[in-house]
Structures are given as structure tokens and as C-alpha cells.
A.B. asks: 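The structure is given below, and queries will be raised subsequently.
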Amino acid sequence: MKLVVTEKNDAAEKIARLLSSSAPKKDKVFSTPVYRFEHQGEEWVTIGLRGHILEPNFTEQLTYTKKAGWSGVDASGNHLSVTLPKTLPVPPFNTRRKPFMPDGIDLKTWKMDALPYLVYAPIEKLPKEKDIIRSLKNLAKKCSSVIIATDFDREGELIGADALSCIYDVAPNVPVQRARYSSFTKAEIEESFSHLVELDNNLAAAGASRQDIDLIWGAVLTRYLTLVKFAGYGNVRSSGRVQTPTLALIVAKERERMAFVPEDYWVIQGEFGEENSTDAFSSTHATARFKQLEAAQAAMQALEGATHGRVACVTRKKRTVAPPAPFNTTSLMAAASAEGISPARCMRLAESLYMDGYISYPRVDNTVYPSTLNLKDTVRAIAKNPAYTPFCEQLLKQPKLSATRGKQQTTDHPPIYPTALATPEMIDAPRYKLYNLIARRFLATLSSPAVIEGTKVDLTVNDQSFVAKGDVLRVPGFREIYPFGLKRDEQLPALHEGDTVVFRGATCTHKQTEPPARYSQGRLIQEMEKLGLGTKSTRHSIIERLYNVKYIVNDPIEPCSLGIAVCDALDKYAPHITHPEMTSQLEEEMNSIATGASTKQNVVSDSRSLLADQLEALLPHVEEVKEALADAVAAYAYVGKCPKCGKDLQIRASQKTRSMFIGCAGWPDCDVTYPLPSGKIEAVDELCPACGMPQVKVTAFRTKPRIMCIDPACASNKEPDVVVGECPVCKEQGKHAKLIAQRNPRTLKRFIRCENYDDCQTGYPLPQYGAITATDEVCEHCGAPLVIVTTTRGPWKLCPNFSCPSKETEEASIKKRTSSSRKSARSQASKTGKAGKVTATKASKTAKTTTAKAGKVAKTTSRKK
DNA sequence: GCAAGGTC
């Protein structure tokens with residue numbers, strides 16, 4: 001059996017169809033779809049990955065001992081040697097074998113003095129798509145040879161190389177070849193599979209160095225910015241190779257606007273024709289902008305008393321407007337942005353339309369339809385939409401359709417076009433809005449140009465000249481079907497040279513020159529493309545990220561004070577990250593790896609020392625940067641007024657434990673505090689409807705945000721204690737005691753406790769959210785009372801006992817993909833000694849970034865299966 | 001829950 005590995009499921013299916021003489025058989029290996037068929041008398045199977053299946057991350061621990069220096073341990077327990085430059089100071093936390101960097105995600109472990117070591121921390125590749133890796137390995141064991149058929153680009157080569165490393169884990173000697181194709185046509189696919197080549201390891205290494213550099217710079221600078229002024233969980237201040245230069249673009253534009261000095265000017269507007277008649281029109285003075293008030297006043301004076309003007313000259317000019325080019329990702333996002341759909345939303349809608357078969361693949365650079373695309377069939381397919389029917393019929397009357405061509409031409413995917421009929425009745429409104437844009441754009445690209453007639457009329461009133469301009473669409477052409485971004489017609493009455501027209505007077509308006517416009521999201525995407533920042537698939541998410549971390553607001557985009565402060569601080573001490581040149585430089589270095597002129601090790605190591613320099617500049621200025629961020633951070637921390645002293649109540653983080661609470665700005669004179677639950681806390685404007693106190697928005701890890709009153713004593717926060725059963729421990733001793741579900745008003749933690757807790761110590765934790773109702777049942781494994789938790793996702797039954805044997809069986813944990821199992825996974829993972837008991841689901845949920853132990857357990861458990 | 005890059 002021959003195994004073909006592609007980058008995505010879609011490609012696996014297409015290749016199977018193109019290589020097979022009959023229809024390929026769709027099958028599943030575990031939960032991954034695969035396609036089986038016969039090719040030249042041999043059995044073949046194709047499997048689609050989901051992009052990258054491995055992900056680089058820092059190894060779990062880096063420890064320091066006086067004897068051995070720095071050392072790391074990888075996920076398999078292997079020793080990793082770490083070479084640190086001698087100039088670095090020995091850490092002040094020089095305790096014996098104390099890990100300083102166990103988990104990348106947990107903010108508790110982030111430490112400022114660990115950052116220099118993070119720069120040089122070892123990186124390894126961890127599994128990201130566990131299910132797919134399992135399926136891939138399963139097939140690899142059975143196959144006689146492998147063909148890597150991922151996309152024909154740098155990331156594709158890397159994805160292929162990662163897949164191969166998984167395959168070699170189980171089939172070290174299997175022969176491997178690479179298929180290179182750039183379009184899904186029968187001829188090209190057959191050609192590429194009959195002329196297989198070798199995998200380009202240099203190209204893959206170039207991609208891998210991009211991954212490492214992005215991770216190292218991102219992690220170090222993000223942690224620096226977050227720690228400089230710690231403002232609680234959920235308040236991460238991120239930085240990265242693409243997002244920071246993008247932020248810098250926005251900030252630079254704002255600076256330009258702030259530095260702009262507006263200039264005064266005056267505009268004279270004359271009114272002509274009989275009032276309220278169809279002949280009425282207005283016209284501006286031939287001196288469009290009077291720089292001096294005196295000149296404008298003189299012109300107004302010269303017009304005084306005039307009742308008529310004379311048409312001095314009428315010129316008409318026709319201009320043709322060519323139909324637009326086919327959509328690629330960037331132009332689609334720009335057009336959607338102009339229609340009020342943000343790029344990120346546009347891509348989500350497009351992905352959904354694509355998955356349901358309404359449009360073609362949405363991530364393309366190409367703007368030229370391939371010759372294999374049957375334009376007429378596509379028109380016929382969407383002609384049934386009544387809004388398009390007349391126009392489509394016109395198009396179909398033509399013997400042959402010809403389409404416009406854009407500047408970018410690639411052959412991997414066609415430009416974005418509609419692949420099936422949709423009407424407002426068939427899909428929901430937001431999706432239809434985007435579909436309509438895409439379908440109309442497609443029809444526009446097949447249409448004739450529009451012809452617009454521009455009319456310019458010169459008028460004289462006394463000795464003053466006026467100019468009136470009008471545009472009339474003479475031949476609608478593509479404009480008939482594609483009205484987006486269209487200026488309204490400004491029709492002028494029929495005027496001829498020498499005509500006399502009524503002059504109804506003029507007004508003089510004082511105006512000021514406008515500063516340069518802010519970026520709209522669509523414009524920013526185009527600017528990023530121009531500078532080579534991000535890719536077509538990532539730009540929208542980068543902008544969304546800047547919104548999420550509250551660096552920017554609104555559209556057109558304005559930077560917030562926090563965004564400006566972050567940008568300025570980095571620009572001052574770590575300018576490398578704020579400039580788009582970091583990307584172009586990286587691009588050059590990656591090319592040199594691809595050609596063999598350099599190696600991944602050299603490039604990453606150079607990048608590390610560059611980052612070390614920038615960090616060295618940043619670290620001594622912690623106080624300065626803290627000061628710069630303080631105002632911006634305080635603005636987000638304000639929740640309301642203190643009921644005792646009237647000063648500001650602020651969301652604060654405890655210096656020692658980093659846990660969150662609300663404190664009064666008047667501290668230490670005022671001691672008012674309120675507890676907060678764990679999670680991301682944001683201030684909201686609305687006061688509590690029950691008691692009038694301020695409220696906060698709480699987003700606990702992996703839950704929906706909810707609004708709560710800050711006062712634990714408020715009726716809205718009161719929950720009655722619920723009797724959930726009888727204490728099993730007391731019962732054994734012949735006593736009878738109730739188990740009660742309750743919430744600690746100080747910590748807001750919720751738990752079940754025996755009313756005799758002081759004696760018997762029986763207690764179980766509960767999830768923080770959701771109503772608790774009692775059941776008559778007890779857990780068959782441990783005897784704890786079962787409770788029903790009702791959250792927004794509906795009710796589910798829970799055994800609250802963490803150490804219940806039922807939680808250690810795989811079936812139970814796979815079934816329970818609920819917050820309870822996640823919660824227990826977290827708490828178990830934190831009890832590192834018990835990490836061996838973490839079950840498969842928990843491990844797969846957390847192992848992406850969590851401890852190596854969890855990753856290891858996931859491996860062993862999946863093997864058992 | 002750190003980056004950016006694939007894809008779902």
C-alpha cells in the first residue's frame with residue numbers, strides 16, 4: 001500500500017479522485033477521513049493533515065545547579081544541554097534544582113529574571129494534532145512507501161517534514177518521496193506523481209527556524225511586557241514579529257495625525273437655477289480653496305446683487321471604468337471591510353461558506369481564473385437566484401465569456417468564486433451578505449466596462465467664475481451587478497454655452513484641512529501585504545489580536561494609550577521588533593537556509609543573540625516602562641467609586657500571589673476590598689441592577705464571559721446552600737450528617753462540605769459557575785453524591801470527587817469533555833506528584849503547552865488503545 | 001491563557 005500525505009483533507013480527496021480511475025472509497029482511520037483507491041494496479045490511500053501537526057515549544061524545565069550549570073529535560077526525559085553565554089549573571093534564585101520555567105502558559109511561573117535564560121531555552125516539537133498523528137502512524141505501519149504531497153511552499157515542506165518525523169517513529173525504514181504540484185488538474189497531478197522528487201530538508205529547516213524565532217521573540221517580549229506591570233490574568237500584553245510592526249503602523253499614523261497642523265481655508269458655494277426645481281444645482285467657486293479670508297470676502301462682495309450667471313463653457317468627457325479583477329483573499333477582505341464586515345469576520349464567514357460548498361477555497365493569492373474553470377456553468381448555477389437572473393441571462397447570450405485578470409497569478413487555487421447557488425432563504429443573513437459580494441464580483445469580472453460621462457460647466461457671475469461638475473453613468477456595464485463602492489450620480493441639468501441661469505446667491509464656509517485618514521481594517525490588511533507582514537491566512541487574525549489585547553479600538557483604527565505605550569517602550573529599547581524589516585531580514589535568512597548557504601542553527605542562534613541584546617536594553621528600564629504603562633493600565637482597572645471614601649475602586653493584582661481583587665485607590669487610608677473569582681476580569685460601565693454597585697465581566701478559563709456584581713453580599717450573588725446528600729464518611733461511623741453545596745464569600749470558591757467538616761474533613765470541590773441541584777444518586781465508584789450542574793450549555797451530571805476511580809478510566813474522561821474534567825485535569829496537573837494519573841483526554845487537552853509528563857502519558861495511553 | 005503559521 002502506498003500512503004499519500006496532504007496538507008488538508010480537501011487536497012487528500014481531490015488527489016484521490018484525480019489519480020483513481022473509479023471513484024475513491026471514503027474511509028476513516030480513527031476519526032480522520034482517508035481515501036482509498038487503486039492506481040496502476042496498486043492499493044493507495046490518501047490522508048489529509050490539518051496544517052501543522054507538530055508545534056515547537058520550550059521544553060518543560062530548565063534547571064540550574066552549581067555543578068552542572070543549566071540543563072533541560074525534554075518530554076521523553078532525555079537530558080538536553082543548554083549553552084548559555086558566560087556574560088549572563090547566575091540567577092538570584094539559585095536554589096538547588098528548582099525549575100524556573102515549568103509551564104509556558106501559566107502566568108504564575110513567569111519571572112522577569114528568568115527572561116535572559118528563556119532567550120536560550122531549548123525548544124522541541126510537541127504533537128499538536130494528536131488524533132491525526134495517531135491515524136497517520138496507524139497507516140504508516142501498514143504502508144510499503146510514502147509520498148509527501150503537502151502544498152508546494154515553505155510551510156508545506158515543513159508540514160511534510162513534520163509528518164515524516166511522525167511516520168519514521170513507527171516505520172523508520174519506509175521509502176519516502178515528495179510530490180510537487182501547484183494545481184489540482186488531472187494532468188498536473190499525474191505528472192507530479194510520476195516524477196516524484198526528494199523532500200527538501202533545507203526548505204523545511206527554513207520554515208522551522210521561522211517557527212523558533214517567532215516563538216522565542218514572542219515569548220520573551222510578551223512576558224517582559226506582561227510582567228513589567230502585572231495587571232492580572234487575562235491581561236497579557238503581547239508582542240510579536242508581525243503584530244508589533246503592525247501596531248507600530250497604526251501608532252505612526254496616529255502620530256502623523258497629532259503632528260498635523262490644520263490650515264484654514266474658505267469655500268464659496270453658489271446656488272443656481274430656480275429653487276426647488278429640477279434645474280437647481282450648486283457649484284463651487286473656481287478658486288476651490290481661498291487661503292485668505294480677505295480674498296474670499298472680496299469674491300463674496302463681487303457677487304453681491306447678482307441675480308444671473310452665464311454659462312461660459314460646457315465640456316463633456318467620457319471615461320470607461322474597467323470591471324474589477326477576480327477576488328483573492330486580500331481583495332475580498334478589503335471589499336468586505338468597505339461593506340462593514342471586518343477581515344476576521346469575513347474569513348470566518350468565508351470558511352463557513354466554503355465548508356458548505358457555496359464558494360471556492362478562500363485562502364488564495366491568485367487573481368486569474370484558470371482555463372479549466374467553466375465560467376458559463378458557474379453563471380448558470382447561480383442564475384437561479386432571482387437577483388442575478390436577468391444579468392446572468394444577458395451574459396449567457398454571449399457566445400464566449402471572457403474574464404478580467406488580476407496582477408497576481410498562481411495555479412494552486414482559483415480566485416474566490418461562487419460554486420453553488422445561494423439565496424437569502426437558503427443561508428443566514430451575514431453569510432448571504434458575503435456570498436452576495438462574492439457572487440456579484442464573479443459576475444462583474446465577466447462583464448463589460450462601465451462608461452461614465454463627466455460634465456464640467458464653467459459659469460460666470462459678475463466677474464467671478466464657478467465650476468460645476470456632474471457624473472452620469474451612461475453604460476452601466478458591470479456596475480449593474482456590482483454596485484459596491486459606487487459614487488452616487490451627480491446629475492447636472494442640460495446646460496449649453498451662452499445660457500443664462502438664475503443665481504440665488506452664494507455662501508462662504510470656513511473649513512480646515514484634514515489630517516491624514518486613519519487605517520480602516522481593509523486598508524491595514526493591504527498595507528501589511530505591501531510590507532510583507534503576515535500571510536493571507538494570518539493578517540486578519542493579527543489585527544483581531546491587537547483588538548483583543550486592547551492595543552487598538554474602533555474602525556477606522558485608533559491606537560489606545562496602552563498600544564501607544566507598548567509601542568513606544570519597545571521602539572525605544574527593542575527597536576528590532578517594531579520594524580517590518582525584521583520580517584524581510586528573516587525572509588532573506590530563510591532563503592539562505594533553503595539554498596544551503598546557511599543553517600537553521602546559525603540563523604536561530606544569531607537571532608537569539610540579537611534578542612539578548614534587546615532584552616539587555618529593556619531589563620534595566622523596568623521602572624521606566626512600568627511608569628509608561630501605568631496610566632494606560634489604570635484606565636482599564638477602574639471599576640467605580642468606593643462606597644466608603646469615594647476614591648476610585650480598581651482591579652488589582654496581589655504582588656505576592658498575583659491573584660486578583662478589587663481595592664480602593666485610597667489604600668492604606670481606606671481598606672475597602674472585594675474578592676474576585678479567578679479568570680480574566682474586565683470593568684463594565686453598567687451598575688448592578690440589584691444594589692447599584694459596580695459590576696465586572698468575568699471570563700474564567702474556557703468559559704463564556706458573565707457579568708457579576710462586585711459585592712459578595714449583593715442579592716444577585718447570593719446562592720442558597722443546597723443539601724446534596726449524606727456524608728459517606730460519617731455514615732460509616734454510624735453518624736448522620738448532611739453534605740451541603742456552598743460558596744465561600746471571601747474566596748468565591750464553591751464546594752461541597754459535610755456539616756461536620758471539622759470532625760470528618762469530608763469535602764469536594766465544585767465548578768465555579770452553573771446552578772447546583774441535588775440528585776438522589778451517589779457515585780457508584782466512590783460513594784460521593786452526584787449533583788447536576790446547569791450551565792449555559794445545559795445540565796450535566798457530575799461526581800464532584802477528584803480522586804474518584806471513575807475519572808481514571810479513559811472512557812469516562814473522553815465522554816466528559818466538560819469543565820469538570822478540565823478543572824480536575826488542571827488541579828491534578830498542579831499536583832505534580834499525581835501527574836501520572838492524568839487521563840488521556842486531560843493530557844491531550846493540556847499537553848499542547850503543558851508539562852512533559854502529561855504529553856508522555858498521552859503517548860502511553862494512546863498506545864495502550 | 002505567550003508568536004505565527006498552517007487548517008477546521
Side-chain angles (χ1 to χ4, degrees), chain A residues 6-12 31-33 48-58 101 103-110 115 118 121 123 128-129 131-132 150-151 153-163 204 206-227 232-246 347-348 350-352 354-356 361-363 528 533-542 544-546 548-549 577 582-583 586 590 607 611 658 678-681 699-703 822 826 845-846 848-850:
Chain A
T6 68
E7 192 158 318
K8 44 186 169 277
N9 179 44
D10 210 52
S31 56
T32 314
L49 308 176
R50 235 168 354 214
H52 292 285
I53 55 170
L54 302 182
E55 191 175 33
N57 213 333
F58 300 109
M101 200 191 63
D103 186 346
I105 294 303
D106 192 351
L107 268 99
K108 276 182 196 157
T109 63
W110 292 12
L115 294 184
L118 187 59
I123 290 174
K128 183 170 178 245
E129 298 287 345
D131 295 347
I132 291 199
T150 47
D151 290 359
D153 53 28
R154 192 199 304 130
E155 295 294 331
E157 210 71 13
L158 174 58
I159 290 165
D162 285 347
S209 57
R210 196 266 316 145
Q211 284 186 321
D212 286 6
I213 289 170
D214 281 346
L215 171 67
I216 301 166
W217 281 76
V220 169
L221 294 177
T222 299
R223 289 181 188 200
Y224 175 85
L225 290 171
T226 306
L227 290 174
Y233 300 105
N235 281 314
V236 166
R237 282 179 285 278
S238 62
S239 172
R241 173 178 59 84
V242 178
Q243 60 167 266
T244 305
T246 305
M347 289 314 286
R348 275 194 296 271
E351 182 70 36
S352 157
Y354 162 68
M355 291 312 286
D356 290 349
Y361 190 67
R363 285 182 283 270
M528 289 170 77
L533 290 172
T535 72
K536 59 184 181 297
S537 320
T538 59
R539 286 183 196 115
H540 61 95
S541 62
I542 299 273
E544 207 180 28
R545 170 99 191 131
L546 294 177
N548 284 342
V549 293
I577 195 73
M582 180 172 174
T583 295
L586 179 64
M590 283 193 294
S607 185
L611 174 61
R658 286 188 186 164
S678 57
K680 182 180 178 180
I681 311 287
T699 317
F701 187 48
R702 280 175 163 155
T703 64
R822 271 185 239 120
R826 260 179 293 147
K845 280 269 172 190
T846 47
K848 187 170 106 184
T849 41
T850 193

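Each chain gets a letter, A, B and so on, in the order the sequences are listed, and its residues count up from 1.
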A.B. asks: Give A/Thr226 one of three labels, base, sugar-phosphate or nothing, depending on what nucleic acid heavy atoms sit under 4.0 Å from its own.
C.D. replies: nothing

A.B. asks: How close or far is atom P of B/dG5 from atom CG of A/Leu586, stated in whole angstroms?
C.D. replies: 10 Å

A.B. asks: Return no unless some side-chain N or O of A/Arg545 is found under 4.0 Å from OP1 or OP2 of B/dA3.
C.D. replies: yes

A.B. asks: According to a strict under-4.0 Å criterion, is A/Tyr354 in side-chain N/O contact with OP1 or OP2 of B/dT7?
C.D. replies: no

A.B. asks: Figure out the NE2/P separation between A/His52 and B/dA3, and round it to whole Å.
C.D. replies: 16 Å

A.B. asks: If you go through the side-chain atoms of A/Glu55, does one of them form a donor-acceptor pair with the base of B/dA4 closer than 3.5 Å?
C.D. replies: yes

A.B. asks: Return no unless some side-chain N or O of A/Thr535 is found under 4.0 Å from OP1 or OP2 of B/dG6.
C.D. replies: yes

A.B. asks: Can a side-chain donor-acceptor contact be found between A/Gln243 and A/Ser238 if the only test is distance below 3.5 angstrom?
C.D. replies: yes

A.B. asks: Under 4.0 Å between any heavy atoms, over every strand shown, what does A/Gly156 touch: base, sugar-phosphate, or nothing? Just pick one.
C.D. replies: nothing

A.B. asks: Would you mind telling me which of B/dC8, B/dG6, B/dA3 lies closest to the side-chain atoms of A/Glu351?
C.D. replies: B/dC8

A.B. asks: Do A/Ser541 and A/Thr538 have side-chain atoms, one donor and one acceptor, less than 3.5 Å apart?
C.D. replies: no

A.B. asks: Does A/Gln243 have a side-chain nitrogen or oxygen under 4.0 Å from the phosphate oxygens OP1 or OP2 of B/dA3?
C.D. replies: yes

A.B. asks: Give one of base, sugar-phosphate or nothing for A/Ile542, where a contact means two heavy atoms less than 4.0 Å apart.
C.D. replies: sugar-phosphate

A.B. asks: NA contact type, A/Arg241, heavy-atom cut-off 4.0 Å: base, sugar-phosphate, or nothing?
C.D. replies: sugar-phosphate

A.B. asks: Mind calculating the distance between CD1 (A/Ile123) and P (B/dA3) to the nearest angstrom?
C.D. replies: 15 Å

A.B. asks: Tell me whether the OP1 or OP2 atom of B/dA3 has a side-chain N or O from A/Arg223 closer than 4.0 Å.
C.D. replies: no

A.B. asks: To the nearest angstrom, how far is A/Lys128 atom NZ from B/dT7 atom P?
C.D. replies: 11 Å

A.B. asks: Report the residues that fulfil side chain to side chain contact (heavy atoms under 4.5 Å, CB included) with A/Glu155, sequence neighbours left out, ordered by chain and then residue number.
C.D. replies: A/His52, A/Asp153, A/Leu158, A/Arg210

A.B. asks: Without decimals, in angstroms, what is the distance between A/Ile216 CD1 and B/dA4 P?
C.D. replies: 14 Å

A.B. asks: Both A/Gly240 and A/Ser537 contact DNA chain B. Taking the nearest nucleotide for each, which residue is further toward the 5' end?
C.D. replies: A/Gly240

A.B. asks: Could you check which of B/dC8, B/dT7, B/dA3 has an atom nearest any side-chain atom of A/Met355?
C.D. replies: B/dC8

A.B. asks: So, A/Trp110 and A/Thr226: side-chain donor and acceptor under 3.5 Å apart, yes or no?
C.D. replies: no

A.B. asks: When you check the phosphate oxygens OP1 and OP2 of B/dG5, does a side-chain N or O of A/Thr538 lie under 4.0 Å from one of them?
C.D. replies: yes

A.B. asks: Mind calculating the distance between CG (A/Leu225) and P (B/dA3) to the nearest angstrom?
C.D. replies: 11 Å

A.B. asks: Partners of A/Val242 by side chain to side chain contact (heavy atoms under 4.5 Å, CB included), sequence neighbours excluded?
C.D. replies: A/Thr246, A/Met528, A/Leu533, A/Ile542

A.B. asks: Just by distance, do the side chain of A/Arg237 and the backbone of A/Leu225 share a donor-acceptor pair under 3.5 Å?
C.D. replies: yes

A.B. asks: Mind calculating the distance between CH2 (A/Trp217) and P (B/dA4) to the nearest angstrom?
C.D. replies: 13 Å

A.B. asks: Nearest to the side chain of A/Asn9 - B/dC8, B/dG6, B/dA4?
C.D. replies: B/dC8

A.B. asks: Answer with base, sugar-phosphate or nothing: what part of the nucleic acid does A/Glu129 contact at a heavy-atom distance below 4.0 Å?
C.D. replies: base

A.B. asks: B/dC8 C1' sits how many Å from A/Ile53 CD1, rounded?
C.D. replies: 15 Å

A.B. asks: Taking the basic N atoms (NZ, or NE/NH1/NH2) and the acidic carboxylate oxygens, is any pair closer than 4.0 Å for A/Arg539 and A/Glu544?
C.D. replies: no

A.B. asks: Taking 4.0 Å as the cut-off, does a side-chain nitrogen or oxygen of A/Ser238 come that near to OP1 or OP2 on B/dA3?
C.D. replies: yes

A.B. asks: Is there a side-chain contact between A/Arg363 and the phosphate of B/dT7, meaning an N or O under 4.0 Å from OP1 or OP2?
C.D. replies: yes

A.B. asks: Please compare A/Leu49 and A/Leu215 by the position of their nearest nucleotide in DNA chain B and report the one closer to 5'.
C.D. replies: A/Leu215

